[in-house]
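Numbered from 1 within each chain, the chains take letters A, B, ... in sequence-line order. Just so it is clear, the values below take in all heavy atoms, side chains as well, and ignore hydrogens, waters and symmetry mates.
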Amino acid sequence: MVHKFDAIVVGAGGAGLRCALELSQHNFNVAVLSKLYPVRSHTGAAQGGVGAALGNEEPDSPEWHFFDTVKGSDYLGDQDAIEIMCEDAIETVLELEHFGLPFSRTPDGKIAQRPFGGHTSNFGEAPVKRACYAADRTGHMILHTLYEQCVKNQVRFFNEFYVLDLIVEGETCQGVIAYDLATGEVNVFQAKATMLATGGHGRAFSITSNAHTYTGDGMAICFRRGIPMEDMEFVQFHPTGMRKLGILVSEAARGEGGILRNREDLDNIGTGKDGFMAAIAPTIKDLAPRDVVSRAMYNEIKEGRGIAGTGDPGSDYLYLDLVHLGADTINTQLPDISHFARTYLAVEPIKEPIPVQPTTHYAMGGIPTDVEGRVLWDAKNKPVPGLYAAGEVACVSVHGANRLGTNSLVDIIVFGRRGGKDMVRYLQETEFSRMTGEPDAFIRGEIDRLQNGGGKEQVVDIRTNMQKVMMVECGVYRTKESLTKARDAIMELRQRYQQVSVADKRACFNTELMEAIELGFLLDSAWTIAESALIRNESRGAHSREDFPERDDENWLKHTFIHYVEDGKVKFDYKPVTITKFQPKPRVY
Amino acid sequence: MSSRGSQAWLFQRVTAVLIFLLLGTHVFLYHYLMGPANWGYDILGFGAADLAKIKADPNLMKYYSLAKVFANPMWKVFDVTLITVGTYHGFYGIKAIIDDWVTHNGWRAIGNWVTYLIGFIIWVIGVVAVISFTPKLY
Amino acid sequence: MQVTVEVFRYDPDTDESRFDTFIKEVDPKDRVLDVMMAIKDEDDGTIAFRKSCAHGVCGSCAMEINGLNRLACQVLIQDLKSKRIHIRPIKGMKVLRDLIVDMEAFFAGLEKVKPYFIPGEPAPAAEYHQSVKDRAVFDETTKCIMCGSCTTSCPSFRWFNREFVGPAAFVKAHRFIFDSRDGGNEERLGVLDDKNGLWRCHSIYNCTDACPREIDITKAIGDLKRYTVIHR
Amino acid sequence: MYKIKEGMLSWLLHKITGVAIVAYLIIHIWSMAKMSKGPEAFNAVIETYKTTLFRAGEVLLLGAILFHGLNGFRLILAEFTAWASKRHKLLIYLTYVLAVVLFIIGGWFMWRAEG
């Protein structure tokens with residue numbers, strides 16, 4: 001079946017819906033395609049808040065937000081983009097409030113704000129309340145509010161349509177190919193402009209806070225079409241995932257005053273006294289950025305100060321102590337987190353600390369775009385006409401080597417909106433062009449191979465292997481050896497993937513087929529992550545090389561662009577970091 | 001019957017409370033004071049002569065006491081009110097059940113009208129019986 | 001520990017349904033979703049069910065587990081207190097395959113109550129003013145994840161009347177009607193006071209018991225009933 | 001089968017007892033109309049009231065009215081106050097206990113009484 005729309009938005013998370021909303025406000029014929037139902041998207045899992053220098057609680061300025069983000073990114077973020085984001089954040093958040101988003105309130109009826117990791121006043125002096133929040137379900141409220149507004153504006157939704165390929169003619173994007181999960185039909189969606197907002201690739205790792213559906217679809221689709229991936233080596237590990245499960249305990253928990261404790265610190269539980277982070281980041285302690293805290297936790301565990309004391313970062317854990325906050329704060333400010341702790345760990349956070357360990361959380365890298373959300377063909381900023389990307393799938397880059405807490409939500413709403421606005425401009429000056437050939441032939445072939453290929457490999461074996469090798473060899477700390485091991489293992493798994501076939505032959509909701517396709521996408525992500533990590537011989541932000549422990553601004557103050565050449569072969573390209581206001585400095589907190 | 005769900009909902013609750021009050025009085029008066037509680041006759045103002053007659057026929061006792069009660073028109077008003085509120089609450093309840101349980105539109109409409117009709121007939125019978133009850137007193 | 005898992009299967013191609021039984025070795029702290037995934041990975045890859053976030057915030061994996069609507073990712077095996085796990089799709093919606101039901105009608109049904117912000121007054125330069133107290137009134141109903149567990153547990157919907165607006169839509173309506181900034185209540189009252197509206201709710205509490213987000217839905221509906229009585 | 005939890009059981013019982021009470025109401029008004037026709041008619045009706053079957057029915061009716069009334073009271077509380085809605089399970093059990101206790105006491109008196 002062939003559908004024709006002015007614009008297609010792929011993904012119904014925060015970035016996708018914000019973009020769709022912008023387009024619908026200008027009366028364009030827009031369709032949102034999602035492999036899930038709209039409010040199932042992973043934006044809904046974001047808990048703590050969305051950063052914007054409203055200054056409702058105490059003095060704040062977008063420039064401080066700008067500085068914190070640059071510093072948080074370990075100076076790899078492009079400063080022109082970050083400046084735009086921090087300034088746009090304010091009006092974008094207010095706009096969300098005008099769409100009805102139920103932010104928590106200050107006593108004088110304004111949007112309430114709380115401190116968050118890495119957010120400071122006056123260029124690093126002290127923690128500042130900048131994260132606008134709605135209890136601990138800010139992402140959930142953003143997702144629902146945007147969906148509600150899209151319903152109001154009668155945006156057309158194609159639910160459970162899984163986008164598998166781009167239609168690229170010449171160098172222009174003309175739409176997408178989508179697999180209708182309910183019928184098994186391959187659909188062609190022709191559009192003048194396409195927005196990819198499909199999220200990250202956390203499921204390439206075994207312990208992750210990400211949804212099962214977070215499988216790097218958008219990145220792999222572009223990568224296969226010859227679009228490079230930017231900064232793929234930067235994968236954020238969130239310090240406080242629930243032990244074994246990886247479910248996130250939001251940074252808001254530390255924003256409200258939660259403290260990390262090791263086994264030497266057990267007596268201080270409930271007292272509110274400083275924990276081990278005070279020695280590592282004397283100014284902002286437990287509210288240091290995530291890469292810093294994750295590494296500190298890793299080291300604590302490795303040196304035998306984990307709660308179990310085994311020294312094994314794979315299984316040992318630490319405590320997140322909220323007890324001193326009291327039942328009131330815990331129940332009103334952190335209700336969802338408390339609920340998770342009770343449900344999954346049988347831990348009552350009012351009375352006892354929560355066992356936590358670092359969990360794979362966020363992809364800083366992704367599809368390269370400019371500040372208007374336009375996807376780029378190369379490191380020289382040549383745009384792909386008609387193709388946009390925003391949110392975690394994209395790399396603007398505003399997060400550089402490490403994303404600050406709350407900036408993911410800022411990213412999706414700011415760049416979803418900016419992308420939408422630029423699409424409006426683009427749509428006004430562009431006509432439909434003619435599609436040639438059979439754009440869906442490739443995907444039909446792929447589906448046929450997976451369903452009828454007769455190979456003997458199982459999806460689950462390959463997936464489990466990949467997740468394990470990525471977690472162990474490409475995790476919080478990396479070395480040349482571990483990364484080579486990871487890369488080689490992934491290459492072998494990619495070979496085996498060619499022999500995958502699924503037992504399920506049905507057309508209707510063939511979830512086995514869907515998982516096989518997702519695995520293919522994940523293997524692309526894993527491959528690009530390992531290759532990019534191997535080439536970057538320095539430690540910066542979330543990328544920590546034990547064999548290159550220092551940041552190397554002389555050689556590596558640049559973005560990596562990884563291009564697909566042929567299977568097993570990639571080529572690198574580099575783009576200098578845009579520096580406008582803040583010269584790189586050592587990063588201490 | 002109200003066309004608006006909101007009013008019908010409220011009425012059902014208001015009548016429930018009324019029934020609680022009225023039925024409580026009704027039961028207390030007819031089934032306690034005139035039954036097990038012999039002292040009830042004093043309250044109703046039965047003299048020694050009445051009691052003597054009653055002793056001869058225990059059934060007449062009830063009849064007399066009822067007659068005594070209905071000699072006061074206030075109690076007729078009371079009973080008519082109870083019958084009205086009770087039939088409304090009861091038959092609206094039946095209608096609500098039909099609304100839920102009968103999913104076919106036609107049958108539901110028929111069921112509703114039959115309910116209204118029976119409810120109305122019962123109400124008329126009850127009201128006529130109370131009003132027309134004019135027993136002779138000895 | 002060992003459990004017996006009975007999973008509902010429906011094949012749309014042949015229109016046949018049955019229960020498949022699997023014996024699985026599980027950890028009592030495993031979630032039902034973990035067990036389902038283990039079955040899919042190890043025993044039968046063709047079992048179809050929805051899943052995504054796996055920690056109770058997305059609402060994909062609503063299903064009927066041992067006779068109650070739950071999110072499979074939220075129920076630990078030990079909490080079931082049974083070695084027999086009986087899983088079937090949520091009721092009252094068309095089954096498409098195995099545990100997957102058609103949610104289109106459910107989502108379309110929600111739209112009846114105009115589940116979106118309708119500004120009561122033009123937007124100010126900064127945010128609308130809302131006191132902490134006013135914000136708290138509707139806090140609970142903002143938690144809804146639209147998983148459908150409530151509506152499909154309600155006999156008024158499931159047994160009798162698929163036109164019934166249903167608890168999920170009432171939760172959405174509550175979230176906006178009691179938002180001091182919203183001005184669209186007039187438009188919503190008609191649907192609520194309709195014959196398929198609020199009055200089909202008999203305070204059965206199935207919705208409240210089923211809600212994975214622990215929203216007291218019946219209370220929210222009670223709030224709406226009183227509001228409607230006063231304002232109509 | 002979907003589990004019948006407390007609230008649903010109460011709802012079903014409320015409907016069943018409601019129908020039973022309406023059935024009694026019809027009989028009661030019908031017989032009342034007869035009774036109003038004079039002492040003889042009255043006595044005839046009273047005699048039927050005294051049969052074991054009818055008295056057993058009346059005792060059951062007491063149970064129905066007690067449950068319907070108490071549960072109705074609980075429902076009104078639940079719909080009008082958040083306090084009661086939050087404690088709905090407790091209140092439901094309280095309804096059951098009260099209904100049973102009152103039914104035993106009242107039923108015993110009714111059965112023992114001389115009609």
Checklist outcome for this item: Heavy-atom nearest pair, D:L75 first then C:S203, reads CD2-CB, 3.6 Å

Checklist entry - If you round to the nearest 0.5 Å, how far is NZ of C:K91 from OH of D:Y2? => result 8.0 Å

Item to check | D:S10 versus C:Y205, side-chain donor and acceptor atoms under 3.5 Å | outcome: no

Next on the checklist: With a 4.5 angstrom heavy-atom cut-off, is it the side chain or the backbone of D:I4 that approaches chain C, or both, or neither?
Outcome noted: neither

Next on the checklist: Would you compute the distance between atom CD of D:E79 and atom CZ of C:R226 and round it to the nearest 0.5 angstrom?
Outcome noted: 9.0 Å

Checklist entry - Any ion pair linking C:D209 and D:K89 (charged N to carboxylate O, less than 4.0 Å)? => result yes

Next on the checklist: My understanding is that only one of C:N206, C:L68, C:N69 makes a side-chain contact (heavy atoms from CB on, under 4.5 Å) with D:K3; could you say which?
Outcome noted: C:L68

Item to check | Which portion of C:K225 sits near chain D, non-hydrogen atoms under 4.5 angstrom | outcome: side chain

Next on the checklist: For the OH atom on D:Y96, are there more than 12 heavy atoms of other groups (residues, nucleotides or ligands in this structure) within a distance under 6.0 Å?
Outcome noted: yes

Checklist entry - Should the heavy atoms of other residues, nucleotides or ligands under 6.0 Å from CD1 of C:I23 be counted, would the total exceed 12? => result yes

Item to check | Within-4.5 Å side-chain heavy-atom neighbours: D:H14 and C:H202 | outcome: no

Checklist entry - ring-ring contact (aromatic ring centres under 6.0 Å, His included): which pairs involve residues 60-83 of chain C, sequence neighbours left out? => result none

Item to check | Proximity breakdown for D:M8 and chain C, heavy-atom pairs closer than 4.5 Å | outcome: both

Checklist entry - Considering only heavy atoms, which portion of C:R88 lies under 4.5 Å from any heavy atom of chain D: side chain, backbone, both, or neither? => result neither

Next on the checklist: Below 30° counts as parallel, above 60° as perpendicular, anything between as tilted: where do the rings of C:W159 and D:W11 land?
Outcome noted: tilted

Checklist entry - Who passes ring pair (Phe, Tyr, Trp, His ring centres under 6.0 Å) against D:Y49, sequence neighbours left out? => result D:F54

Checklist entry - Does a sphere of radius 6.0 Å around CD in C:Q2 hold more than 12 heavy atoms from other residues, nucleotides or ligands, not counting ones at 6.0 Å or beyond? => result yes

Checklist entry - Any side-chain heavy atom of C:T218 sitting closer than 4.5 Å to one from D:H88? => result no

